[in-house]
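A note on names: the letters A, B, ... follow the listed sequences, proteins ahead of strands, and every chain is numbered from 1.
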There are 2 protein chains.
Amino acid sequence: MPRVGLNPAAVVAAGAALADEVGFANLTMGLLAEQVGVRTPSLYKHVGGQEDLNRRIAALALNEAADAVGGAIQGYAGRDALAAAARAFRAFVVEHPGRYAATIGMEPSGPDDPLATAGERLLGAFMAVLRGYEIGESDLDHALRMLRSLWHGFATLQAANGFQWSADIDESFEWLIAFADRGLRAL
Amino acid sequence: MPRVGLNPAAVVAAGAALADEVGFANLTMGLLAEQVGVRTPSLYKHVGGQEDLNRRIAALALNEAADAVGGAIQGYAGRDALAAAARAFRAFVVEHPGRYAATIGMEPSGPDDPLATAGERLLGAFMAVLRGYEIGESDLDHALRMLRSLWHGFATLQAANGFQWSADIDESFEWLIAFADRGLRAL
DNA sequence: AGCTTTAGGTAATGGTATTAGCTTTTAGCT
DNA sequence: AGCTAAAAGCTAATACCATTACCTAAAGCT
């Protein structure tokens with residue numbers, strides 16, 4: 001039995017990649033084991049089980065999304081930053097639907113859960129966008145939730161093929177960016 | 001063995017209620033069978049299986065949501081209609097988190113899938129709201145997608161407890177309604 | 001070299017969905 | 001009313017999945 005040389009990070013990365021490929025709902029321990037060249041029970045040497053694997057994939061996805069959004073807005077402010085953040089976020093969800101699906105409905109178990117940290121990083125990136133607008137303190141939290149709802153809603157609907165008459169999705173997204181920008185500037 | 005007198009609609013309704021109670025992820029054929037007072041395999045006389053059950057629950061949820069939103073906007077127009085629709089939609093999701101969760105990521109198999117019809121009904125209710133604003137033809141589809149993304153995103157994030165610092169969610173929602181209203185009027 | 005740790009394997013358990021085939025109730029027809 | 005056939009329910013069996021217990025051998029350390 002030659003050793004494969006796995007570690008938790010490699011297992012989680014392979015799980016995320018597999019989720020993107022076959023869909024998060026179809027990600028199974030057996031399939032992942034086969035993918036990394038090992039028998040199913042051996043995975044338990046690296047992750048606690050399916051639930052733990054899912055949480056780690058979700059945390060990975062949120063961190064990657066935060067990196068993508070945070071990187072995209074570097075050097076931009078105002079509407080440019082908003083557009084860059086929105087596009088980066090949507091691109092991430094479209095390119096990695098499986099791992100992003102892992103984040104839906106996953107709530108952090110505690111304040112030092114890596115999942116919570118990753119989520120806060122993503123929120124921080126969106127918050128940085130809002131700093132480019134002149135928004136009163138009392139509106140900041142609401143505006144942040146608005147952005148999050150809007151991008152999350154659009155991305156998940158698109159990922160689920162929710163827009164049936166599917167023409168012009170890109171155009172709709174750019175329209176959304178302009179709409180949010182006008183609204184934020186009007187505050 | 002006294003007959004229970006089940007039928008597909010009753011099974012689906014019980015499944016939706018059970019999903020609301022225990023969470024969609026925990027909805028199992030065995031649990032549903034126990035709930036309706038029958039052994040598990042008997043359910044297959046009424047629904048095709050778990051996948052079919054899930055789709056029917058999703059279609060039921062979308063139809064109910066469409067009824068709720070459509071009913072709420074009767075007699076209102078403009079901002080009042082927008083607020084009524086948004087509140088009705090969110091109330092439905094909050095009161096029926098399990099069955100609404102069934103709709104997430106569920107894509108219609110074809111144009112005459114009952115799921116597609118139900119989705120179109122819900123879209124129609126939102127479209128009725130938009131008719132209360134003076135929106136150019138070219139903006140209508142984009143605006144519809146914006147509303148859908150916004151409410152869907154907010155509802156799913158709240159249902160998933162996605163807003164961790166969870167104070168003032170109601171206030172944020174009212175803020176969102178005002179934000180959308182201002183933006184739509186500015187078109 | 002010898003020892004300890006650990007990644008990997010096999011075997012077994014429990015839970016789940018699903019199918020096959022049987023039995024009995026019920027509805028429909030005469 | 002009585003007969004018949006469809007349908008609703010059941011038990012038994014199968015397959016798959018996650019998980020645990022326990023064993024084996026590879027790798028690292030002294």
Side-chain angles (χ1 to χ4, degrees), chain A residues 1-60 98-99 101-106 109 115, chain B residues 1-60 98-99 101-106 109 115:
Chain A
M1 324 94 206
R3 290 224 180 169
V4 182
L6 286 182
N7 54 58
V11 169
V12 172
L18 193 53
D20 288 339
E21 193 180 333
V22 304
F24 179 64
N26 300 318
L27 175 63
T28 165
M29 295 294 278
L31 199 60
L32 176 56
E34 189 181 4
Q35 184 77 15
V36 300
V38 107
R39 299 307 178 98
T40 308
S42 303
L43 292 179
Y44 290 79
K45 293 294 161 81
H46 305 290
V47 296
Q50 179 116 66
E51 187 59 30
D52 179 51
L53 173 69
N54 292 348
R55 297 182 72 80
R56 287 175 192 243
I57 290 176
L60 173 67
R99 70 189 69 187
T103 70
I104 300 174
M106 184 88 63
S109 61
L115 191 63
Chain B
M1 325 96 204
R3 291 222 178 167
V4 182
L6 287 181
N7 54 59
V11 169
V12 171
L18 193 53
D20 288 339
E21 193 180 333
V22 305
F24 179 65
N26 300 317
L27 176 62
T28 164
M29 295 293 279
L31 199 60
L32 176 55
E34 188 181 4
Q35 184 78 14
V36 301
V38 108
R39 300 306 179 99
T40 308
S42 304
L43 292 179
Y44 289 78
K45 293 296 161 87
H46 305 289
V47 295
Q50 180 116 65
E51 186 60 29
D52 179 50
L53 173 69
N54 292 348
R55 295 183 73 81
R56 287 173 191 245
I57 291 176
L60 173 67
R99 69 189 71 187
T103 70
I104 300 175
M106 182 89 62
S109 61
L115 191 63

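For B:Arg39, the listed nucleotide lying nearest its side chain is D:dT11; candidates were D:dC22, D:dT19, D:dT11.
As rounded to whole Å, 10 Å separates atom P of C:dT16 from atom CG of B:Asn26. A:Tyr44 places its OH atom 15 Å from the P atom of C:dG8, with the value rounded to the nearest Å. Residue B:Leu6 contributes atom CG, which lies 14 Å from atom C1' of C:dT25 at whole-angstrom precision. For A:Leu43 and D:dT19, the CG to C1' distance is 12 Å, given to the nearest whole Å.
When B:Leu27, B:Asn26, B:Ile57 are each tested for a side-chain contact (heavy atoms from CB on, under 4.5 Å) with B:Leu18, only one passes: B:Leu27.
No side-chain donor-acceptor contact under 3.5 Å links B:Asn54 to the backbone of B:Ala102.
Side-chain to base pairing of A:Arg3 with C:dT6: one donor and one acceptor N or O lie within less than 3.5 Å of each other.
Taking only side-chain nitrogens and oxygens, B:Ser42 never comes nearer than 4.0 Å to OP1 or OP2 of D:dA8. Phosphate proximity of D:dC16 to A:Thr28: absent, as no side-chain N or O sits under 4.0 Å from OP1 or OP2. Proximity of A:His46 to the phosphate of C:dG8: a side-chain N or O atom is located under 4.0 Å from OP1 or OP2.
Across B:Met106 and B:Ala58, no two heavy atoms sit closer than the pair CE-CB, 4.1 Å.
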